[in-house]
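Step one of this worksheet: look at the structure below.
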Amino acid sequence: MFDIRLQEGRGLVLTGRLDASQTTKASTVLKAVESSMALDLSDLEYVSSAGIGVLVQTQKRLQSTGHSLKLVNVQPRVRAIFHYAALESYFGID
Amino acid sequence: MELEKRFPREFTALESILDFVLEFYKRSGIAAPDPSQVQLMIEEIFTNMIKYNDGHQNISIRLRRMGDHLEICLTDFDVEPFDYASAPEVDTEQLLERKQSGGLGLHLVKKMADRMTYEYVDRNSKLTILKRLGG
């Protein structure tokens with residue numbers, strides 16, 4: 001199960017498992033983002049390369065207009081995936 | 001301890017694959033590595049087989065405890081060969097330049113696996129991954 005929705009004060013909140021079967025759902029919401037935004041990953045349990053691909057596409061699009069995504073509250077097991085992908089700094093993960 | 005099952009070549013099978021991995025962990029009493037790492041390696045190879053192989057049959061996934069290692073084996077039947085284990089390393093900078101994630105999945109598997117071996121016999125493409133227990 002995966003969910004992505006805007007929550008006041010938290011930005012976009014991603015919940016559950018962002019695998020290859022859920023990228024359309026994530027992409028539909030992220031395509032509407034037009035300015036800098038935080039993605040709260042505190043409840044994201046899992047991400048695969050397919051999910052990272054959607055985030056990379058969004059980051060590239062936003063950066064081309066001077067904006068960016070910042071991933072916050074990234075849980076250790078998800079953070080490890082971004083580490084293996086060498087994308088921690090690309091998404092501003094502290 | 002060994003568990004094997006065949007899954008339809010659809011992305012929606014990923015949920016059933018997760019249940020399969022968790023069932024193996026439950027039956028074998030393995031605590032580490034985190035099952036999400038195993039799930040990730042399986043997802044990356046499984047989706048790669050769906051996207052790039054010309055097969056029509058279900059894909060076999062077998063999990064087996066081998067001493068201090070976990071063996072993860074995926075077999076795609078009646079397809080052309082593709083040697084995952086020998087595929088060139090990708091450069092993450094290049095992935096970002098291309099604005100796509102192609103190649104990232106295999107990169108992640110290679111980072112996580114302790115060993116990968118590929119066999120192609122009778123038009124069956126078989127990748128075996130070894131992951132140290134506790135790692």
Side-chain angles (χ1 to χ4, degrees), chain A residues 1-3 14-28 30-31 33 41-65 67-69 71 74-93, chain B residues 7-22 25 31-52 59 84 87 89-114 131 135:
Chain A
M1 180 188 160
F2 171 72
D3 194 27
L14 282 68
T15 306
R17 304 176 59 82
L18 179 49
D19 63 24
S21 69
Q22 302 296 328
T23 53
T24 303
K25 187 174 188 176
S27 184
T28 300
L30 289 168
K31 277 180 180 170
V33 176
L41 305 193
S42 54
D43 295 320
L44 188 72
E45 302 166 13
Y46 173 92
V47 67
S48 66
S49 70
I52 291 175
V54 174
L55 298 177
V56 167
Q57 287 174 29
T58 306
Q59 184 74 307
K60 294 283 285 187
R61 179 175 58 78
L62 288 175
Q63 287 183 342
S64 70
T65 57
H67 299 284
S68 66
L69 288 179
L71 308 187
V74 186
Q75 297 306 297
R77 65 169 59 154
V78 170
R79 184 182 183 130
I81 305 304
F82 283 96
H83 175 72
Y84 285 130
L87 291 173
E88 288 170 297
S89 62
Y90 183 66
F91 286 110
I93 300 173
Chain B
F7 296 89
R9 40 194 330 117
E10 301 164 355
F11 288 171
T12 52
L14 291 171
E15 192 170 347
S16 303
I17 292 173
L18 173 64
D19 291 340
F20 171 77
V21 171
L22 294 177
Y25 267 68
D34 188 294
S36 67
Q37 288 189 27
V38 175
Q39 170 74 7
L40 185 114
M41 290 190 281
I42 292 174
E43 175 181 335
E44 301 300 352
I45 300 301
F46 182 79
T47 55
N48 200 296
M49 286 174 163
I50 293 174
K51 286 189 282 187
Y52 303 116
I59 295 168
Y84 303 88
E89 274 291 329
V90 296
D91 182 333
T92 342
E93 291 294 326
Q94 288 182 357
L95 292 177
L96 295 177
E97 294 285 324
R98 293 208 311 264
K99 205 177 174 178
Q100 294 173 347
S101 62
L104 178 59
L106 202 48
H107 169 81
L108 293 176
V109 175
K110 288 186 171 183
K111 287 285 182 186
M112 291 182 156
D114 290 307
K131 177 71 178 171

Need one label for [X]: side chain, backbone, both or neither, based on atoms under 4.5 Å from any heavy atom in chain A.
X	value
B/Leu18	side chain
B/Glu10	neither
B/Ser36	both

Item to check | Nearest non-hydrogen partners of A/Ser21 and B/Leu14, listed with the distance | outcome: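 Here A/Ser21 and B/Leu14 meet closest at N-CD1, 3.9 Å.
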Item to check | Shortest non-hydrogen separation from B/Thr47 to A/Ala20 and the atoms involved | outcome: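 The pair with the smallest heavy-atom distance is CG2-CB, 3.8 Å.
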Item to check | Heavy atoms of other groups near A/His67 NE2, more than 12 under 6.0 Å | outcome: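 Yes.
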Checklist entry - Considering residues, nucleotides and ligands other than B/Lys110, do more than 12 of their heavy atoms fall under 6.0 Å from its NZ? => result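 Enclosed: over 12 neighbouring heavy atoms sit under 6.0 Å from NZ of B/Lys110.
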Item to check | Partner residues of A/Lys31 under the side chain to side chain contact (heavy atoms under 4.5 Å, CB included) criterion, sequence neighbours left out | outcome: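 With neighbours one apart ignored, the set is A/Ser27.
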Item to check | Working for side chain to side chain donor-acceptor pair (under 3.5 Å), residues A/Tyr46 and B/Glu43 | outcome: CA-CA 11 Å; A/Tyr46 173 92; B/Glu43 175 181 335; 2.8 Å; yes
Item to check | Rounded distance [0.5 Å steps], CD1 in A/Ile81 versus CG in B/Leu40 | outcome: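 Interatomic distance, A/Ile81 CD1 to B/Leu40 CG, rounded to 0.5 Å: 4.5 Å.
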Checklist entry - Out of curiosity, B/Glu15 CD to A/Arg17 CZ, how far, rounded to the nearest 0.5 Å? => result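 Output value for this atom pair is 9.0 Å.
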Checklist entry - Sequence neighbours excluded, which residues qualify as side-chain hydrogen bond (donor to acceptor under 3.5 Å, both in side chains) partners of A/Thr24? => result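 Partners of A/Thr24 under the side-chain hydrogen bond (donor to acceptor under 3.5 Å, both in side chains) test: none.
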